[in-house]
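Inspection log for the structure reproduced underneath, given as structure tokens.
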Amino acid sequence: MAPRTPPRPFEAGGVIISWWRCVMLDLRLIRERPDLVRAAVASLGIEAPIDTILALDEDRRAILSEVEALKARRNEVSKEIGRLRGGPGAEPLKDESRSIGERIKALDENVKSVEGKLNSAMLEMPNLPHDSVPAGKDDRDNVVVRTVGEPRQFDFAPLAHWDLGPTLGIIDFERGVRMSGTRFYLLKGAGARLQRALITWMLDLHVAKHGYTEIYPPYVVREECLWVDGKLPKFRDNIYHDAEEDLWWIGTAETPLTNLHRDETLTLDDLPRSYVAYTACFRREKMSAGRDVRGIKRGHQFDKVEMFKFTTPESSYEDLETMVAQAEEVPALLGIPHRVILMCTGDLGFVAAKKYDVEMWAPGCAEWLEVSSLSNCTDFQARRGNMRFRREQGARPEYMHTLNGSGLALPRTLIAVIENYQQSDGSVVVPEVLRPYMGGIEVIR
RNA sequence: GGAGAGGUCGCAUAGUCCGGUCUAGUGCGCGCGACUCGAAAUCGCGUGGGCAGCAAUGUCCCGUGGGUUCAAAUCCCACCCUCUCCGCCA
């Protein structure tokens, strides 16, 4: 691929003025079916500047036709001046061209300002939900699609990982906090190794069995990457940012993976493309302390194995089901109960057209832990990142569809393993599938 | 971090000094056709994208963004990226 610098989708002041224009939600759809778009957005419970967009779009097209006619005339006049080679008769033409130029300049500034506002507004437009997504207000309306596996029956009271971990010496909260503050911890000995085993095993599973290509991406990215994957503008406050170099720490491998084929036009043969990446993830998570943040469930830094797929519009929903099944294999092979939740419109968020969560049962803290979130983002990210494909040589490029899903998030999977495999004496049995990655250790004690 | 070279229509290159027949030439690749029993070779034609428009067509794009000019691939400024040498190092 040609190493070209992607234009930044904004400039100081937040006004977008690059060629990065009008490609978020298809502008034509908003223009032609505003009623439909309005209803869809309303079902998400998200505010979107649809009226602003409609007005700006109309403005833009009106100015554009005028300015293009002027430019056509100026090009003509300039050519004529060139033919005259400075001979007589050139001067009046220069005057005409000059005055046309002034009008063009004024109108161009208009266009720029209108397009800037239009692009900002378009970047605020969420993706629209698929027909198969249940209507609902919030997470209470999500649908449990299936529950797989029976919770283990304990003949003692199972402990939560925040008790088990420190006792076993595999989780150290105090020293983590001493180094880095609240919401940091460290894993130690067999605990650190168990997490590493999970990472390697999951990567191997997705590469060898599911055909994904492993990627080791950068953990810091430029701002435009976050616009492309849809983290911006919504999550600005949750992202760590190095002001000195203007680099942003990823909150998920989805961000670099989404940008993997940015500004590329692939062929149909290239699709689908499946990638899996293990990365650390960084999130500011400005939640207050409380039950939800006890233990290692929600830290500022965590590890995750992420699956990502670039695919075609006609197969993306099928691919989503496949990806969910691939994520479910992790709890299945670990022998831990899990369930699959279909998110309702009100809990879909900004970029997904359809989204499932996979949750694993943790008997110690007695809750279903979200270990994966799998989304079909349809062409939403592809439009933002100009990611296209051609069906055949010479055919018009079309936007790809992108999907992402955790192939599982780590500390939570670790929690589930520890809590499900604990024994009455406080030791933890290593699941069968992980033993080859644990140097044969069968029990952590 | 310092010094130098450079980013052109899939790839490779010409053009940039001296602004206007560059609405970007050539080769390769690719597509269609001719020749052929078939193929190679050869010959002919074609070969990007965005936006506006019912269309004809117009407009914009020579790394990105500005500026100068009647007119910018070409001149000026800033930035991004690549390469070479030096320095520094996991």
Side-chain angles (χ1 to χ4, degrees), chain A residues 1-24 26-32 53 56-116 118-119 122 218-225 227 244-247 259 261-270 379 382-400:
Chain A
M1 165 195 162
R4 63 180 282 250
T5 315
R8 320 201 67 173
F10 52 86
E11 68 168 8
V15 179
I16 294 113
I17 55 165
S18 74
W19 57 262
W20 201 289
R21 55 169 85 88
C22 308
V23 291
M24 290 77 228
D26 189 352
L27 189 48
R28 265 162 308 190
L29 180 66
I30 303 176
R31 187 190 298 153
E32 282 158 27
I53 288 168
L56 289 167
D57 173 49
E58 205 161 314
D59 269 14
R60 171 173 175 275
R61 287 184 293 148
I63 306 169
L64 223 47
S65 62
E66 189 182 351
V67 77
E68 281 187 12
L70 286 171
K71 282 180 177 170
R73 176 62 189 156
R74 180 179 62 180
N75 289 345
E76 214 175 288
V77 172
S78 284
K79 235 173 261 181
E80 183 58 24
I81 293 170
R83 266 190 291 270
L84 293 172
R85 293 277 172 194
E91 277 312 312
L93 288 177
K94 282 192 186 180
D95 287 342
E96 180 184 356
S97 186
R98 210 186 329 261
S99 73
I100 292 174
E102 276 159 24
R103 287 168 62 198
I104 288 175
K105 196 169 184 182
L107 286 173
D108 263 346
E109 258 156 53
N110 243 329
V111 171
K112 218 183 287 178
S113 134
V114 169
E115 278 186 352
L118 181 57
N119 282 331
M122 286 299 284
Y219 289 8
V220 290
V221 295
R222 293 201 167 135
E223 183 174 343
E224 61 261 28
C225 293
W227 286 93
E244 192 128 343
E245 302 291 343
D246 195 20
L247 284 170
N259 283 271
H261 291 300
R262 193 175 73 200
D263 289 316
E264 291 182 38
T265 303
L266 303 182
T267 68
L268 194 57
D269 296 338
D270 293 328
D379 59 356
R383 287 176 184 278
R384 293 177 161 233
N386 193 31
M387 289 136 33
R388 300 178 298 172
F389 73 100
R390 247 186 257 275
R391 290 189 186 275
E392 53 190 62
Q393 207 181 19
R396 284 184 82 77
E398 297 172 46
Y399 289 109
M400 310 175 204

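Nothing here was measured: the structure is a model prediction, and the numbers come from that model. Note on naming: letters A, B, ... go to the chains in the order of the sequence lines (proteins, then strands), and numbering restarts at 1 for each one.
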Round to the nearest Å and state the distance from [X] atom [atom1] to [N] atom [atom2].
X: A/Asp108; N: B/G67; atom1: CG; atom2: P; result: 10 Å
X: A/Lys71; N: B/A52; atom1: NZ; atom2: P; result: 14 Å
X: A/Asn386; N: B/U64; atom1: CG; atom2: P; result: 13 Å
X: A/Glu66; N: B/U59; atom1: CD; atom2: C1'; result: 14 Å
X: A/Ile81; N: B/A71; atom1: CD1; atom2: C1'; result: 7 Å
X: A/Arg28; N: B/C54; atom1: CZ; atom2: P; result: 12 Å
X: A/Glu102; N: B/G67; atom1: CD; atom2: C1'; result: 16 Å

Next on the checklist: Run the side chain to side chain contact (heavy atoms under 4.5 Å, CB included) test on A/Ile104 and A/Glu109 for me, step by step, so that the C-alpha distance in whole Å, both residues' side-chain angles and the decisive distance to 0.1 Å come before the verdict.
Outcome noted: CA-CA 8 Å; A/Ile104 288 175; A/Glu109 258 156 53; over 6 Å; no

Item to check | Donor + acceptor pair across side chains of A/Thr267, A/Asp270 (<3.5 Å) | outcome: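 Side chains of A/Thr267 and A/Asp270: pair found under 3.5 Å.
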
Checklist entry - Would you call A/Arg391 and A/Glu398 a salt bridge, taking side-chain N to carboxylate O under 4.0 Å as the test? => result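 Judged by the 4.0 Å cut-off on N to carboxylate O distance, A/Arg391 and A/Glu398 do form a salt bridge.
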
Item to check | Salt-bridge present (A/Arg61, A/Asp57; N to O < 4.0 Å) | outcome: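 Yes, this pair counts.
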
Checklist entry - At what distance, to the nearest 0.5 angstrom, does CZ of A/Arg384 lie from CH2 of A/Trp227? => result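 Answer for the CZ-CH2 pair, A/Arg384 versus A/Trp227, is 7.5 Å.
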
Are OP1 or OP2 of [N] and a side-chain N or O of [X] less than 4.0 angstrom apart?
X: A/Arg388; N: B/G49; answer: no
X: A/Arg61; N: B/A52; answer: no
X: A/Asn75; N: B/C70; answer: no
X: A/Arg74; N: B/A71; answer: yes
X: A/Lys112; N: B/G66; answer: yes
X: A/Arg383; N: B/G50; answer: no

Next on the checklist: Pick the closest RNA chain B nucleotide for A/Ala72 and for A/Ala395 by heavy atoms, then say which residue is nearer the 5' end.
Outcome noted: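 First, find each residue's nearest nucleotide; the 5'-ward one identifies A/Ala395.
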
Sugar-phosphate only, base, or nothing, as touched by [X] at under 4.0 Å among non-hydrogen atoms:
X: A/Arg396; result: sugar-phosphate
X: A/Leu64; result: sugar-phosphate
X: A/Asp95; result: nothing

Can you check the distance between [N] and [M], where both ends of the measurement are the [atom1] atom (answer in whole Å)?
N: B/C86; M: B/G49; atom1: P; value: 45 Å
N: B/U8; M: B/C62; atom1: P; value: 12 Å
N: B/A73; M: B/C22; atom1: C1'; value: 8 Å
N: B/G2; M: B/G50; atom1: C1'; value: 41 Å

Checklist entry - In Watson-Crick or G-U wobble terms, both distances under 3.5 Å, what is the partner of B/A3? => result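 WC or wobble partner is B/U84.
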
Checklist entry - Just wondering, are more than 12 heavy atoms of other shown residues or ligands nearer than 6.0 Å to CZ in A/Arg103? => result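 Counting other residues, nucleotides and ligands, CZ of A/Arg103 stays at 12 neighbours or fewer.
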
Checklist entry - So which nucleotide from B/G20, B/A52, B/G49 ends up closest to the side chain of A/Glu68? => result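 Minimum distance to the A/Glu68 side chain belongs to B/A52.
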
